[in-house]
Amino acid sequence: MAASPMVTEARSRPVIQKHPPSVAQMIVDRVKATPLREAFRYPTDHAWTSVSWGDVGKRVDHIAAGLISLGVQPEDRVALACSTRYEWVLVDFAIMCSGAATTTVYPTTKASDVAYIVGNSGSRVVVAEDQNQIDKLREHRAELTNVMKVVVIDGEGDGDWVITLAELEERGQKLLDETPDAVSHRIASINSGQLASIIYTSGTTGRPKGVRLTHGAWTYTAAAIDALDVLGPDDLNFLWLPLAHAFGKVMLALPLLIGFPTAIDGRVDRIVDNLAQLHPTVMGAAPRIFEKAHSRIVAMAATEGALKKRIFDWALEVGLEVSRARQAGQKIPLTLKAKHKVADRLVFSTIRKRFGGRLRFFVSAAAALDRDVAQWFDAVGIVVLEGYGLTETAAASFINRPDAYRFGTVGWPFPETELKIAGDGEILLRGPGVMTGYHDLPDATAEALEADGWFHTGDIGEVDADGFLRITDRKKDMFKTSQGKFVAPSPISAAFKGLCPYAGELIVIGEGKPYCVALISLDAEAITEWAARNEMADATFAEIARDDRTHRLISGYVDTLNNQLNRWEQIKKFVIIDRELSVESGDLTPSLKLKRNVVTAAFGDQVTGLYE
């Protein structure tokens, strides 16, 4: 593709401005600069409560002082096992200001893995959301010899091992009354190379590894995004992402530097309703959220009558024509502009209202987004900027820009981040956001991180003529058939989810086999609505998945997919999984990534049957 004017104009390299050495200092600076401006908004009793940066600063001081009163020292680890909520932010900020480092724990993590993460990280204090998290710790208390105290957010203390968050704040207030500079002294001593976080990888295979990230990694990432000049203090970010994930963490560093408010609510089932209520300007999400929204809207349009369906399809064709012309840098003809204005009034404006009506852009990361889904959103007037990064690179290393984006790519690198493609196609990165290593795993660190700073991402990619990076697959997921042909399963899966509004996941299998087969999971909401329209209103999910009518439905989409693939990539046979894949069942990571090996093993007999 030839470079469009917007790509050419936006190609200049942004320059990172001077920024504070630590996350703690960013907190102090933000509170001092805009104490009365809104910082966060969170749900309480069917309403939203707003707090200022001044309010945040006071509570963070008290909690940080409370941690210091417990004996927490610089670079000590404090584990945080909690869902995405306002208190998570307060505690994490307080850990930063005490000079300690946050060990993040997903609230869905099973007890044995919680014990491993807390023990392996050497955490001295654990902040637990509720009794459920405390029970996990008690189950393995004998192993957690380093843990001095557990602080519970929602629950009661026991007068010994467990205290409440309110009690911790009271301790902090008492320390500050006696030693007013207890927290400020800690903050002043923190340098950019000091440990700020240990984030454990989601563990799609084996034990999770603790990624060590410094204050400098987070302040760099925030400053690099700020240098792109795509966010400002008047934006409103809606944050639902797991804050135990690096993507969520970087979305907390950004408002400290830029100053915009954040509405925070981790309930995934409330995303669409919250968008309509909050009217945010930006939101980050995993591709599955966009795929589900796209499928939902397309499926609803199909049920609204023949006339409305024709109008919807016509409008979408007009929107796609405009989107393609924009991408190619072509001038939009007057007749097409007129059609687009009508299409926007009849269809697109209604869709945008579902997302709050004020969105400037979405950010998609954590996995590949199908380019057709991205272009569909662009056609209706919602830009989805795909980005790329790993836990090991403080979440973000590449992103498309609002004025220069290319579907199917993850954009250009952040300023001061270097890229190199190895001989086997692996992406190597070097820059201030890269981890210092895996906690207590010197061999794994040496394997991933070269002495001169180049980090091996494990992803395969290529750079186009305009400098946009395209991820083709995970190195470990690519396989070779018995015919000697290489297959990259991730783009095939992404393409299928863009085609089929009823698909949850498509898992391509074929290592050492003569042809490819697939496991297909269904989206429960979409397929249940389809079943109700096809005389299966009373059927269970498993019954729907096993029904011949469902198989014929999905088979049609597989045929469409196969028409886009090379012969050796085509899906010759498939089986539909009779339950929806979920985080709770252990099929997906909390950031909604597929645990490919786990699911493939669980349905191994069905896969074997496809080759018989």
Side-chain angles (χ1 to χ4, degrees), residues 1 287 291 294-295 320 324 367-376 406-410 421-427 458-465 468-522 545 548-577 581 594 596-597 599-601 603-612:
M1 179 188 292
E291 291 159 359
H294 162 258
S295 297
L320 287 170
R324 294 184 190 111
L369 176 67
D370 178 55
R371 60 169 296 139
D372 290 336
V373 172
Q375 186 140 35
W376 183 92
R406 182 159 295 169
F407 305 126
T409 79
V410 295
I421 304 294
D424 61 358
E426 184 178 10
I427 298 165
D459 288 315
I460 303 296
E462 57 192 24
V463 179
D464 70 16
F468 290 88
L469 175 65
R470 187 184 312 278
I471 311 295
T472 55
D473 215 316
R474 284 292 291 172
K475 190 174 178 179
K476 66 182 180 183
D477 288 345
M478 293 183 69
F479 60 81
K480 187 190 289 187
T481 68
S482 62
Q483 310 302 315
K485 297 290 188 179
F486 280 101
V487 176
S490 294
I492 297 173
S493 176
F496 185 72
K497 289 184 285 185
L499 284 170
C500 179
Y502 308 104
E505 288 288 348
L506 178 134
I507 305 168
V508 185
I509 298 159
E511 174 76 41
K513 300 294 185 181
Y515 54 85
C516 293
V517 300
L519 290 169
I520 298 177
S521 72
L522 302 175
D548 287 342
R549 288 166 289 185
T550 307
H551 195 278
R552 287 194 296 271
L553 171 74
I554 301 302
S555 183
Y557 289 105
V558 171
D559 290 343
T560 302
L561 173 70
N562 283 336
N563 289 335
Q564 304 175 7
L565 302 176
N566 294 308
R567 180 183 52 78
W568 62 87
E569 298 173 315
Q570 293 176 352
I571 309 302
K572 303 301 183 184
K573 297 180 182 180
F574 66 89
V575 64
I576 298 175
I577 296 172
L581 302 184
L594 176 72
R596 179 185 170 87
N597 292 347
V599 177
T600 303
F603 296 92
D605 291 343
Q606 289 92 322
V607 172
T608 300
L610 293 174
Y611 286 106
E612 291 177 352

Check your understanding: Mind checking what makes side-chain contact (heavy atoms from CB on, under 4.5 Å) contact with Ser295, not counting sequence neighbours?
Key -> Pro501

**Study point:** Closest non-hydrogen atom pair, Ser490 against Asp477
**Key:** OG-OD2, 4.4 Å

Revision key, fill the gap. The side-chain contact (heavy atoms from CB on, under 4.5 Å) partners of Arg567 (sequence neighbours excluded) come to none

Side chains of residues 507-515: which donor-acceptor partners sit under 3.5 Å, not counting sequence neighbours?
{"from": "Tyr515", "atom 1": "OH", "to": "Leu610", "atom 2": "O", "distance (Å)": "3.2"}

Revision key, fill the gap. One should read off an interatomic distance between Ile492 CD1 and Gln564 CD, to the nearest 0.5 angstrom, of 10.5 Å

Exercise for review: Indicate the atoms forming the closest heavy-atom contact of Cys516 with Val487, along with that distance.
Suggested key: SG-CG2, 4.0 Å

Review point. Quick one: salt bridge (Lys or Arg N to Asp or Glu O under 4.0 Å) partners of Asp559, sequence neighbours excluded?
Key: none

Exercise for review: For Gly461 and Thr472, work out which heavy atoms get closest and say how close.
Suggested key: N-OG1, 3.9 Å

Check your understanding: Any idea which heavy atoms bring Ile577 and Ala545 closest together, and the distance?
Key -> O-CB, 3.6 Å

**Study point:** Lys573, NZ: over 12 other non-hydrogen atoms inside 6.0 angstrom
**Key:** yes

**Study point:** Atom pair CG/CD1 of Leu553 and Ile576 - distance to nearest 0.5 Å
**Key:** 8.0 Å

Practice item. Apply ring pair (Phe, Tyr, Trp, His ring centres under 6.0 Å) to Phe574 and list each qualifying residue two or more places apart in sequence or on a separate chain. Key: His551

Check your understanding: Do side-chain atoms of Ser493 reach the backbone of Pro489 as a donor and acceptor pair under 3.5 angstrom?
Key -> no

Point to revise | Any residue meeting salt bridge (Lys or Arg N to Asp or Glu O under 4.0 Å) with Asp424, in chain and number order, not counting sequence neighbours | key: Lys475

Study note, to complete from the structure: For Thr409 and Phe468 the tightest heavy-atom approach is OG1-CD2, 3.5 Å

Exercise for review: Just jot down the side-chain hydrogen bond (donor to acceptor under 3.5 Å, both in side chains) partners of Arg324, sequence neighbours excluded, or say none.
Suggested key: none

Check your understanding: Hey, are the side chains of Gln375 and Leu320 touching, using non-hydrogen atoms and a 4.5 Å cut-off?
Key -> yes

Exercise for review: Check Ala518 against Ile571 and note the closest heavy-atom contact, atom names and distance.
Suggested key: CB-CG2, 3.7 Å

Check your understanding: Is there a side-chain contact (heavy atoms from CB on, under 4.5 Å) between Phe496 and Ile554 once you walk through the steps?
Key -> CA-CA 10 Å; Phe496 185 72; Ile554 301 302; 4.1 Å; yes

Study note, to complete from the structure: One should read off an interatomic distance between Ile520 CD1 and Cys500 SG, to the nearest 0.5 angstrom, of 7.5 Å

Point to revise | Residues in ring pair (Phe, Tyr, Trp, His ring centres under 6.0 Å) contact with Phe407, at least two apart in sequence or another chain | key: Tyr405

Exercise for review: Using side-chain hydrogen bond (donor to acceptor under 3.5 Å, both in side chains) as the criterion, list what pairs up with Asn566, not counting sequence neighbours.
Suggested key: Glu569

**Study point:** Pairs meeting criterion salt bridge (Lys or Arg N to Asp or Glu O under 4.0 Å) with involvement of residues 482-504, two or more places apart
**Key:** Glu291-Lys497, Lys497-Glu505

Exercise for review: Working to the nearest 0.5 Å, report the span between CG of Asn563 and CD of Gln570.
Suggested key: 7.5 Å

Exercise for review: Check the pair Phe603, Val575 against side-chain contact (heavy atoms from CB on, under 4.5 Å), reporting the backbone distance first and the verdict last.
Suggested key: CA-CA 10 Å; Phe603 296 92; Val575 64; over 6 Å; no

Study note, to complete from the structure: Contacts of Asp370 meeting side-chain hydrogen bond (donor to acceptor under 3.5 Å, both in side chains) (sequence neighbours excluded), chain-then-number -> none

Exercise for review: For Ile471, enumerate each residue passing the side-chain contact (heavy atoms from CB on, under 4.5 Å) test, keeping only those at least two apart in sequence or located in another chain.
Suggested key: Tyr388, Val410, Ile427, Asp459, Leu469

